[in-house]
Amino acid sequence: MIQIRSYRNEDYSAIKETLASVQMFDPERESQKNLENMIQRDSESILVATEHDHVVGSVYVKDVGWDARVFCLAVRNEYRKQGVGSLLLEKAEEILRERGHVKLSLFVRESEVTHLGPYYEKRGYVAAPYKHQ
């Protein structure tokens with residue numbers, strides 16, 4: 001049975017493996033120190049999906065007061081199409097809505113929009129182009 005919980009420092013290797021398995025690991029952004037800083041500021045900023053206490057997926061949640069974002073949703077390949085990503089996304093949305101956010105932003109790499117767009121659209125998200133300046 002899949003459980004969703006907040007990230008713990010001992011999850012680092014599993015998070016790194018999970019993100020790397022879907023080509024999303026950024027060694028600067030996902031350094032152990034950066035993840036530790038994220039959870040020190042907000043204990044719900046990184047959520048993990050576990051099965052028998054083994055991390056099988058993760059998502060980042062960012063609440064900056066006036067804006068709420070969900071990003072880096074990743075599920076290990078062998079757990080895809082089993083609802084793990086949906087459970088992570090639902091928990092992230094629940095946390096942000098409990099904090100008063102009505103509108104959420106979700107970031108998807110441009111190279112994955114064709115593949116993942118329908119998944120997010122079914123959940124009520126609308127694609128909007130974003131160009132980083």
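Atoms considered below: every heavy atom in the structure, side chains included; atoms not considered: hydrogens, waters and symmetry mates. Predicted model, so just to flag it, every value in this text is computed and none were measured.
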**Student:** Are Asp26 and Lys16 close enough for a salt bridge, meaning some N to O gap below 4.0 Å?
**Tutor:**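 Salt bridge: no.
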
**Student:** Before you tell me yes or no, could you show the steps for Asp42 and Arg99 under salt bridge (Lys or Arg N to Asp or Glu O under 4.0 Å), namely the whole-Å CA-CA distance, both residues' side-chain angles and the distance that decides it to 0.1 Å?
**Tutor:** CA-CA 12 Å; Asp42 181 349; Arg99 295 178 182 187; 2.7 Å; yes

**Student:** Within the distance-only criterion (no hydrogens, no angle test), does the side chain of Asn9 pair as donor or acceptor with the backbone N or O of Glu36 below 3.5 angstrom?
**Tutor:**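 Not at all, since once roles are kept as given, no pair shorter than 3.5 Å links the two residues.
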
**Student:** Could you check Val61, Val56, Val59 and say which one makes a side chain to side chain contact (heavy atoms under 4.5 Å, CB included) with Leu88?
**Tutor:**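 With Leu88 as partner, side chain to side chain contact (heavy atoms under 4.5 Å, CB included) holds for just one option, Val59.
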
**Student:** Kindly give the heavy-atom pair with the smallest separation between Ala74 and Met24, and that separation in Å.
**Tutor:**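 Smallest interatomic distance, heavy atoms only, reads CB-SD, 4.2 Å.
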
**Student:** To the nearest 0.5 Å, how far apart are CG in Leu47 and CG in Leu87?
**Tutor:**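 Between Leu47 CG and Leu87 CG, I get 11.5 Å after rounding to 0.5 Å.
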
**Student:** Without swapping roles, check the side chain of Ser31 against the backbone of Pro27 for a donor-acceptor pair under 3.5 Å.
**Tutor:**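 It does not hold such a pair.
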
**Student:** Check this for me, if you would: do Arg5 and Asp11 make a salt bridge, where the nitrogen-to-carboxylate-oxygen distance has to be below 4.0 angstrom?
**Tutor:**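 Counted as a salt bridge, because a side-chain N and a carboxylate O are separated by less than 4.0 Å.
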
**Student:** On a heavy-atom basis, which atom in Ser43 and which in Ser6 lie closest, and how many Å separate them?
**Tutor:**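 So the minimum-distance heavy-atom pair works out to O-OG, 3.1 Å.
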
**Student:** When rounded to the nearest 0.5 angstrom, what is the spacing between CG in Asp67 and CG in Leu96?
**Tutor:**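 Separation between the atoms: 9.5 Å.
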
**Student:** Would you give the length of the straight line joining atom NZ of Lys91 to atom OG of Ser86, rounded to the nearest 0.5 angstrom?
**Tutor:**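 Nearest 0.5 Å value for the NZ-OG distance: 15.5 Å.
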
**Student:** Do Tyr60 and Glu30 meet the criterion of a side-chain donor-acceptor pair at a distance under 3.5 Å?
**Tutor:**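 The criterion, which ignores hydrogens and geometry beyond distance, is satisfied for Glu30 and Tyr60.
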
**Student:** Just how far is it from atom CD1 of Ile15 to atom CZ of Arg8, taken to the nearest 0.5 Å?
**Tutor:**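 Rounded to the nearest 0.5 Å, the CD1-CZ separation comes to 11.5 Å.
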
**Student:** Please walk me through it: do Ile4 and Val48 pass side chain to side chain contact (heavy atoms under 4.5 Å, CB included)?
**Tutor:** CA-CA 6 Å; Ile4 307 298; Val48 296; over 6 Å; no

**Student:** What heavy-atom pair brings Ala49 and Ile2 nearest, and what distance separates the two atoms?
**Tutor:**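 The pair with the smallest heavy-atom distance is CB-CG2, 4.0 Å.
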
**Student:** Are Glu44 and Tyr7 linked by a side-chain donor-acceptor pair shorter than 3.5 Å?
**Tutor:**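 Per modelled atom types, Glu44 and Tyr7 side chains form no pair under 3.5 Å.
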
**Student:** Looking at side-chain heavy atoms only, is the closest gap between Glu10 and Val55 below 4.5 Å?
**Tutor:**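 Side-chain contact under 4.5 Å: no.
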
**Student:** What distance do Arg76 atom CZ and Glu78 atom CD have between them, rounded to the nearest 0.5 Å?
**Tutor:**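 Interatomic distance, Arg76 CZ to Glu78 CD, rounded to 0.5 Å: 5.0 Å.
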
**Student:** How long is the gap from NZ on Lys62 to CE on Met38, to the nearest 0.5 Å?
**Tutor:**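 The NZ atom of Lys62 sits 7.0 Å away from the CE atom of Met38.
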
**Student:** For residues Arg69 and Trp66, report the shortest heavy-atom separation together with the two atoms involved.
**Tutor:**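 Heavy atoms only, the tightest pair is NH2-CH2, 4.4 Å.
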
